Amino acid sequence: MQTKMLRAILFLSIWCYGLYAKHLHHERYYQTQLCNKLGGEMEVVLADRTRVDCLTNKYAVEVDFAKKWAQSVGQSLYYAKMTGKKPAIALIIEEQK
């Protein structure tokens, strides 16, 4: 029984380390790449001082790392409501080497 528990703890420790490993690039790097490609405006400040990562003619885009997907949903919906644009999310998934 102890062996199984030790294996489980070791597995979870290794798995969790991968979730919080250093990123290859900062979020801003991916945000810039995407927004330039879409022809949008970065870091648009709203009346309540929140910032849309990328605002295009049609979309309010929230850019974030995949582990923060749930937070991204709420933010994109909020930004869409505040700007009158459609909500969009760009999730960053990096391949760890």
Side-chain angles (χ1 to χ4, degrees):
M1 183 63 127
Q2 268 187 329
T3 305
K4 286 183 180 179
M5 186 173 289
L6 287 174
R7 284 183 190 161
I9 291 170
L10 180 61
F11 171 77
L12 288 173
S13 297
I14 293 169
W15 183 75
C16 288
Y17 175 77
L19 286 177
Y20 296 99
K22 184 177 176 183
H23 294 293
L24 299 175
H25 299 285
H26 292 285
E27 176 187 323
R28 179 83 174 194
Y29 169 83
Y30 298 105
Q31 178 185 351
T32 302
Q33 298 294 315
L34 177 68
C35 206
N36 287 343
K37 191 167 203 163
L38 296 176
E41 184 180 350
M42 285 180 46
E43 297 291 328
V44 176
V45 181
L46 302 180
D48 63 355
R49 297 187 185 162
T50 57
R51 295 174 183 261
V52 180
D53 287 337
C54 182
L55 192 64
T56 71
N57 291 336
K58 294 183 181 181
Y59 298 99
V61 184
E62 170 61 17
V63 179
D64 218 331
F65 290 98
K67 68 182 178 186
K68 295 166 79 179
W69 66 269
Q71 180 181 331
S72 299
V73 172
Q75 284 183 279
S76 67
L77 291 172
Y78 177 74
Y79 297 151
K81 181 176 180 168
M82 295 297 289
T83 61
K85 309 288 184 179
K86 294 179 182 180
I89 301 170
L91 292 178
I92 304 163
I93 302 172
E94 296 179 318
E95 182 179 336
Q96 297 295 326
K97 296 181 181 185

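Keep in mind the model is a prediction, meaning the values are calculated, not measured.
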hydrophobic_cluster_shared for [Y] and [X], side chain cutoff 4.5 Å:
{"X": "Val52", "Y": "Trp69", "answer": "no"}
{"X": "Val63", "Y": "Phe65", "answer": "yes"}
{"X": "Val73", "Y": "Tyr79", "answer": "no"}
{"X": "Tyr78", "Y": "Leu55", "answer": "yes"}

Distance in Å, Leu38 CG paired with Gln33 CD, rounded so as to fall on 0.5 Å steps =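 Here the rounded value is 11.5 Å.
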Taking all non-hydrogen atoms of both residues into account, name the closest pair between [X] and [Y] and its distance.
{"X": "Leu91", "Y": "Ala66", "result": "CD2-CA, 4.2 Å"}
{"X": "Val45", "Y": "Arg51", "result": "CG2-NH1, 3.6 Å"}
{"X": "Gly40", "Y": "Thr56", "result": "CA-CG2, 4.0 Å"}
{"X": "Tyr59", "Y": "Pro87", "result": "CD2-O, 4.2 Å"}
{"X": "Ala88", "Y": "Ser76", "result": "O-CB, 3.5 Å"}

Which residue pairs satisfy the salt bridge (Lys or Arg N to Asp or Glu O under 4.0 Å) criterion with at least one member in residues 53-66, sequence neighbours excluded?
->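 Matches after skipping sequence neighbours: Asp64-Lys68.
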Worked check of side-chain contact (heavy atoms from CB on, under 4.5 Å) between Leu34 and Cys54 | CA-CA 8 Å; Leu34 177 68; Cys54 182; 5.5 Å; no
Would you mind telling me which of Leu46, Leu77, Val44 makes a side-chain contact (heavy atoms from CB on, under 4.5 Å) with Met82?
->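 So, applying the side-chain contact (heavy atoms from CB on, under 4.5 Å) to Met82 and each of Leu46, Leu77, Val44, only Leu46 qualifies.
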What do you reckon, is CG of Asn57 surrounded by more than 12 foreign heavy atoms closer than 6.0 Å?
->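 No.
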